[in-house]
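Per chain, numbering begins at 1; letters A, B, ... match sequence-line order.
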2 protein chains.
Amino acid sequence: MIRDSRLSGVLHGLLHMIGAGEPVTSEHLATAMATNPVVVRRVMAGLREQGLVRSEKGHGGGWTLARDPAAITLAEIYRAVGAPTIVAMSHRSENPGCLVEQAVNDALGDTFREVEALFLKRLGAVTLEALAKDFKRRLAKHRQTLKDQIHAAK
Amino acid sequence: MIRDSRLSGVLHGLLHMIGAGEPVTSEHLATAMATNPVVVRRVMAGLREQGLVRSEKGHGGGWTLARDPAAITLAEIYRAVGAPTIVAMSHRSENPGCLVEQAVNDALGDTFREVEALFLKRLGAVTLEALAKDFKRRLAKHRQTLKDQIHAAK
DNA sequence: CATCATGTAACATATGAAGTTACATGATAC
DNA sequence: GTATCATGTAACTTCATATGTTACATGATG
């Protein structure tokens, strides 16, 4: 299973950064990501190492995107977020000599790599910008819906 | 990440059943699977529900394969073992109304299904019998290697 | 130099998987 | 039939890991 709870949280945060024209504090992001500032820093630190975001200290400091959202794909984010290899076989006993595991690996090793490659390829086809646009569209529609409901209630 | 620790343990157990001509006890399997009898029963219960194995009580009781190993694929075993959907997105807040998650789902929903389908397709191409044969080959080779080493040491 | 924000270590909590104990149920042997 | 063996299962106890929290150091800004 893919560790997505993090991924979706991080995406929340990144979309916020796109929206804001200035650095966003960990505290602010913590609200958006439904967690707390220290966790935000921990997770964002991974993205920073991959050159996806920047952080600045002091007054007016916080987190900003380091690159054009159109040039950032979900694949990079997924990796930066600490992608556990999607499929990993049996490290239960850390027994590389186990003949059963060898047989399974021989039969499925390529499959594991293939599946992971497909997944990353698809993630690589979605840019942060595309996601942001889609999100904004949904947001606008959502607001319109709310407005309509208010009108209807009058 | 795929929950494989279980899968590889179960495969150990199933290969044992193929080898033995008689029912194998949970205690015996526990040794092969590096765990304990109760855990074995818990896990095997899932396989039994899928009609892959049978269990019998009393003297001479234990676990046996319910079907021809040539007709059992790793896909079935994987599913029976309690396959968590490979890719599942953000149930962090169980917030189906979240617009970010909606956007992600819209962008990647098909991908998730596609990746999972590929994985299961590949697992479905490997039968338990094929795995058992490969395992036996390795075992024979392994024994030969040990024998050679003993000869060389003389 | 006071304030604000990140960086990070150290610790606390929560969740779920795995292991364990205990006992009930059913099957076989004698 | 009853002693024994094996599964079935509930209840409980670890154990591992992700997450949350506190505390304080470091660096930047006004």
- Task: Return the 5'-most residue of the pair Ala45(A), Arg41(B) with respect to DNA chain C, ranking by each residue's nearest nucleotide.
- Result: Ala45(A)
- Ser26(B) side-chain N/O to dT7(D) phosphate OP1/OP2 under 4.0 Å: yes
- 4.5 Å side-chain heavy-atom contact, Ser26(B) and Trp63(B): yes
- Interatomic distance, Asn36(B) CG vs dC15(D) P [rounded to whole Å]: 14 Å
- Take atom CZ of Arg48(B) and atom P of dT7(D), then tell me their distance rounded to the nearest Å. 10 Å
- What parts of residues 51-64 of chain A reach DNA chain D, counting only heavy atoms under 4.0 Å away? Lys57(A), Gly58(A), His59(A)
- Task: Just jot down the salt bridge (Lys or Arg N to Asp or Glu O under 4.0 Å) partners of Glu114(B), sequence neighbours excluded, or say none.
- Result: Arg122(A)
- Query: What closest approach, in Å, do Lys136(A) and Ile18(A) show between heavy atoms, and which atom pair accounts for it?
  - Reply: NZ-CG2, 4.4 Å
- Message: Just to verify, which of Leu52(A), Ile72(A), Thr73(A) counts as forming a side chain to side chain contact (heavy atoms under 4.5 Å, CB included) with Leu128(A)?
- Response: Ile72(A)
- Message: Any donor-acceptor pair, under 3.5 Å, between the side chain of Arg42(A) and the base of dG20(D), if you only look at N and O atoms?
- Response: yes
- Message: Would you say CD of Glu27(B) has more than 12 non-hydrogen atoms from neighbouring residues, nucleotides or ligands within 6.0 angstrom?
- Response: no
- Query: Glu49(B) has an atom CD; how far is it from atom C1' of dT9(D), in whole Å?
  - Reply: 13 Å
- Query: Between dA5(C) atom P and Glu22(A) atom CD, what is the distance in whole Å?
  - Reply: 11 Å
- Task: Round to a whole Å and report the spacing from CG of Leu29(A) to C1' of dT19(D).
- Result: 17 Å
- Message: Under 4.0 Å from OP1 or OP2 of dA6(D): is there any side-chain N or O of Thr25(B) that close?
- Response: no
- Below 4.5 Å, heavy atoms only, C-beta onward: do Val115(A) and Phe119(A) meet side chain to side chain? no
